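Sequence lines set the chain letters: A, B, ... in the order given, protein chains first and strands last, and positions in each chain run from 1. Since we're looking at a predicted model, the values are computed, not measured.
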Amino acid sequence: MHLLDGLNEMQQQAVSTTEGPVMVMAGAGSGKTRVLTHRIAYLIEELGIPSNQILAVTFTNKAAMEMKERVSKLLDRDVRNMWISTFHACCVRILRKDILYLNKHTRDFVIIDEEDALRLIRDILKSLEIDKKEFNPKVLKDAISKIKNKVYIPSNNPYTEEIVDKVYLNYQKVLQDENLLDFDDLIIMTIEIFEKFPHVLEYYQNLFQYIMIDEFQDTNSIQYHLINLLAQKSKNIFVVGDQDQSIYSFRGARIENIDLFQKDYSNTKIILLEQNYRSVKNILNLANSLIEKNQKRIKKNLFTVKTFDNLPVYYRAESGYAEAIYVKEKIEQMLNEGYNYSDIAILYRANAISRLFEDIFIKYKIPYRIYGGVSFYRRKEIKDIICYLRLITNLDCDFAFKRIINEPKRKIGDSVVEKLTAIKDQYHVSLFAAIDYAEGIVSKQQLNALLDFKFMILELQERIEDCSIDDFIDLVLQRTTYLEMLQAQNEEGLDRLANIYELKSILSDVNEDITGSNYEKLNVFLSDVALKTDADEIDDKEDFVKMMTFHQAKGLEFKVVFMVVMEQGIFPNQLIRDHNDLEEERRICYVGITRAMERLFLTNAINRRYQGMITSNNPSQFIKEMDAKYLEAYGHLNGSFENNYTRRIKIVADDKPINKDYKVGDKINHATFGDGLVVGVDSKNITVAFSVQYGIKKLVANHPSIRKI
DNA sequence: AGGTCTTTCCTTTTT
DNA sequence: GGAAAGACCT
């Protein structure tokens, strides 16, 4: 049975235990994706389960895509129509079919992202005349999301329930009126249909004979509720998770679901995957020694057979700049040792940290790519063009209308939109249709601008089938004068235009993949564009260093990992409130370490510029918590905080001397003995005269505690 | 309505 | 330090 070949005993068990509830506790790098993909293939090939009766849920598009690809390879056939997707995409697929039951939205609802939602909240605050200085829209949005996700809200929040409720109700009303759904709604509405219309639920319960959930430790309450509903009938539910890698609790993820699952499914079979196939011993031991400091966890015994002589390295630089230089030098060293740029990843706690390293990499011509930050589909110009396409394909889409009515500027400002909104409310029409009632309400000039806009959109609508959908972008760009606006902006405009051309090439793929009229093609594309996050797909062909946050690195692996800016206040972050938060930060650190296969570098600096200020942070407490015998430490290890612990870590001479070629008469500084004068030099050592207190010492010349001054 | 100066705010963020 | 929202001026 080839699907079990090459799997260890536990993995085979996980693949072949198909009936009833199963929970797999899969440590980092223990081959859980392998198990999941083989299990799907096993169900289809060995048990003859129809491929559309299996539901596999992942957390990222990337993970879903990877899983589909691997299953497709195992089965040697097209799996495009299988239910392998994220929670949200799965719900969208259900809602596009069944949302009419709720009688609130139509099937062509528009999904809005977080930024769009925030925009709506700001508008609502304005209309309710609530001061946004007093009530931060972002906090309100989070509060609303927490209500929707049924997450407990601490009672000490200054946001009186009254205000939150008021904004919440208005927000929901706007969403319904404008046929919009936010990310939370996708899950909630699906549950609502299932609970109100049992025959719909039954349909899906019968459809999904086998359900599999990846990254189970990161499911939140309603997601858990959803899969519970679906699995009620077959009880063939298979979840894979690792509590030590739960790093999304700030978004409502509940590790408790692991316990809950075992209670809700009393006959759960538990399978432990404890062999790590990714990291060498020293790295795994280091990770284990750290995560043991978490009290709230079940001990496990993750082991590896991979050995390697190198120890993970800790380096404390003098400044953020020096830290980046060190990383650059180590990258060069790794290249000499035979690694490629693409084997190397720089991981950090916050996106803003990438900048310093970026500057150095540009200067020294190290090819790199930053993942995350502002993702492609969130860029202003992309959203603008998408909203043009939305309005053209659906004139009633007020949300799109508001975004682009004055972009590029056509002298239709807020006051005009307010007037149109009043007309809309009075006649119960869309904003676009409200233009027809605007005569006499807006000035003559404004009316003309509105009519120009109207005819422009109508004309584009008529010409939609005239060319391929990607070429239609050019038409939109020209006719709306968006192109003209960008061309007037020099460099920035060119960047934005390049992004739009990128969108165009994505659309040309859509053009080939989907059959039907342009109108239909665009509708398919637009229907779930909000769910797309990374057009920045990893391109393995090119050779570059990857830079990303720890969160983004989850599920990935790299031969060489740099964990940078390991400083107290940044990581763990200063905003943590309690012990639970600290444990989550520690798990983030654990996730970071366990991404590394062969080489690991932890770095930080004594001083750095951060958020416009010069700050000096202590080394991250996590460094101190790691078992020192798995670390080699270099650099500026002096200072009261560290004296304590430098004793605990091995200080070994750096393979590259920081200061070389001393000669008699040089002034140097030693970490412990202070300033001194070189009085003698031989092949390896220097003799230095320090202050009376320390006298004359013979020292290893390239020792990291010595530097030239 | 739109340009420019000034103030404010900064975690993480699979969807 | 730098983006983004807000205030102020034209």
*Asks:* What nucleotide, of B:dA1, B:dT15, B:dT11, holds the atom closest to the side chain of A:Leu531?
*Replies:* B:dT15
*Asks:* Anti or syn, where syn is a glycosidic angle within 90° of 0; which label fits B:dT7?
*Replies:* anti
*Asks:* Grab the CE-P distance between A:Met548 and B:dT12 for me, whole Å please.
*Replies:*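 That distance rounds to 16 Å.
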*Asks:* Check every strand shown and say whether A:Glu114 touches a base, only sugar-phosphate, or nothing at a heavy-atom separation below 4.0 Å.
*Replies:* base
*Asks:* If only side-chain N and O atoms of A:Asn351 are considered, is one of them under 4.0 Å from the OP1 or OP2 phosphate oxygen of B:dT13?
*Replies:*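 Yes.
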*Asks:* For A:Ser354 and A:Ile370, which heavy atoms make the closest approach, and how far apart are they?
*Replies:* OG-CD1, 3.8 Å
*Asks:* Tell me what A:Asn406 touches on the nucleic acid: a base, only sugar-phosphate, or nothing, going by heavy atoms under 4.0 Å.
*Replies:*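 Counting heavy atoms under 4.0 Å across all strands, the contact made by A:Asn406 is with sugar-phosphate only.
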*Asks:* Nearest to the side chain of A:Arg251, heavy atoms from C-beta on, is which of C:dA5, B:dT15, B:dT11?
*Replies:*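 Shortest atom-to-atom distance from the side chain points to B:dT15.
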*Asks:* Does A:Gln552 place a side-chain N or O at less than 4.0 Å from the phosphate oxygens OP1/OP2 of B:dT12?
*Replies:*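 So the side-chain polar atoms of A:Gln552 never come under 4.0 Å of the phosphate oxygens OP1 or OP2 of B:dT12.
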*Asks:* Quick one: A:Asn573 CG to B:dC10 C1', roughly how many Å, whole number?
*Replies:* 11 Å
*Asks:* Looking at every non-hydrogen atom in both residues, tell me the closest pair between A:Leu125 and A:Pro137 and how far apart they are.
*Replies:* CD1-CG, 3.9 Å
*Asks:* As a quick check of understanding, evaluate salt bridge (Lys or Arg N to Asp or Glu O under 4.0 Å) for A:Lys383 and A:Asp113, giving each step before the final call.
*Replies:* CA-CA 11 Å; A:Lys383 284 186 135 187; A:Asp113 67 23; 2.9 Å; yes
*Asks:* On a heavy-atom basis, which atom in A:Asp384 and which in A:Ile404 lie closest, and how many Å separate them?
*Replies:* O-CG2, 3.5 Å
*Asks:* Which part of the nucleic acid does A:Lys554 contact within heavy-atom distance under 4.0 Å: base, sugar-phosphate only, or nothing?
*Replies:*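 The residue A:Lys554 makes no contact with any strand.
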*Asks:* If you check the A:Tyr248 side chain, which of B:dT13, B:dT15, C:dG1 turns out closest?
*Replies:* B:dT13
*Asks:* Examine A:Arg96 relative to A:Phe109 and say whether NZ or CZ is less than 6.0 Å from the centre of the six-membered ring and inside a 45° cone about the ring axis.
*Replies:*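 Flagged: A:Arg96 positioned over aromatic ring of A:Phe109.
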*Asks:* Quick one: A:Leu356 CG to C:dG2 P, roughly how many Å, whole number?
*Replies:*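 Spelled out: CG on A:Leu356 to P on C:dG2 is 12 Å.
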*Asks:* Choosing from B:dT15, B:dT11, C:dA5, which nucleotide comes nearest the side chain of A:Asn61?
*Replies:* B:dT15
*Asks:* Which residue in the set A:Ile353, A:Leu602, A:Leu356 passes side-chain contact (heavy atoms from CB on, under 4.5 Å) when paired with A:Val564?
*Replies:* A:Ile353
*Asks:* Rounding to a whole Å, what distance do you find between A:Asp113:CG and B:dT13:P?
*Replies:*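 Interatomic distance, CG of A:Asp113 to P of B:dT13: 15 Å.
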*Asks:* Over how many whole Å does the gap from A:Ile213 atom CD1 to B:dT15 atom C1' extend?
*Replies:*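 These atoms are roughly 15 Å apart.
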*Asks:* Do A:Lys444 and A:Glu439 pass the salt bridge (Lys or Arg N to Asp or Glu O under 4.0 Å) test, and can you show the C-alpha distance, the side-chain angles, and the key distance before you say yes or no?
*Replies:* CA-CA 8 Å; A:Lys444 197 143 197 188; A:Glu439 196 173 349; over 6 Å; no
*Asks:* Write down the distance between CZ (A:Arg587) and P (B:dT11), rounded to a whole number of angstrom.
*Replies:* 21 Å
*Asks:* Would you mind reading off the distance between A:His88 atom NE2 and B:dT13 atom P, rounded to a whole angstrom?
*Replies:*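 Rounded to the whole Å, the gap is 16 Å.
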*Asks:* Where the side chain of A:Thr549 is concerned, which of B:dA1, B:dT14, B:dT13 is the nearest nucleotide?
*Replies:*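 Closest nucleotide to the A:Thr549 side chain: B:dT13.
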*Asks:* Taking the ring centre of each residue, are A:Phe216 and A:Phe261 less than 6.0 Å apart?
*Replies:* yes
*Asks:* Would you indicate, yes or no, if B:dT15 has its OP1 or OP2 atom less than 4.0 angstrom from a side-chain nitrogen or oxygen of A:Thr60?
*Replies:* no
*Asks:* Distance check: side-chain N/O of A:Thr58 vs OP1/OP2 of B:dT14, anything under 4.0 Å?
*Replies:*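 Looking at the OP1 and OP2 atoms of B:dT14, neither is under 4.0 Å from any side-chain N or O of A:Thr58.
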*Asks:* Between A:Phe183 and A:Ala352, which residue's closest nucleotide on DNA chain B lies nearer the 5′ terminus?
*Replies:* A:Ala352
*Asks:* In whole angstrom, what separates A:Asp142's CG from B:dT15's P?
*Replies:*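 Atom CG in A:Asp142 sits about 18 Å away from atom P in B:dT15.
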*Asks:* Measure the distance between the ring centre of A:Phe250 and the centre of the six-membered base ring of B:dT12, then answer whether it is under 5.5 Å with planes under 30°.
*Replies:* yes
*Asks:* Of A:Gln446 and A:Phe550, whose nearest nucleotide on DNA chain B comes first from the 5' end?
*Replies:*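 Counting from the 5' end, the first nearest nucleotide belongs to A:Gln446.
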*Asks:* Where does the angle between the aromatic ring planes of A:Phe250 and A:His551 fall among parallel (under 30°), tilted (30 to 60°) and perpendicular (over 60°)?
*Replies:*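 A:Phe250 and A:His551: perpendicular rings.
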*Asks:* Please, what dot-bracket string fits DNA chain B when only Watson-Crick and G-U pairs with both distances under 3.5 Å count, crossing ones use [ ] and pairs to another strand use |?
*Replies:* ||||||||||.....
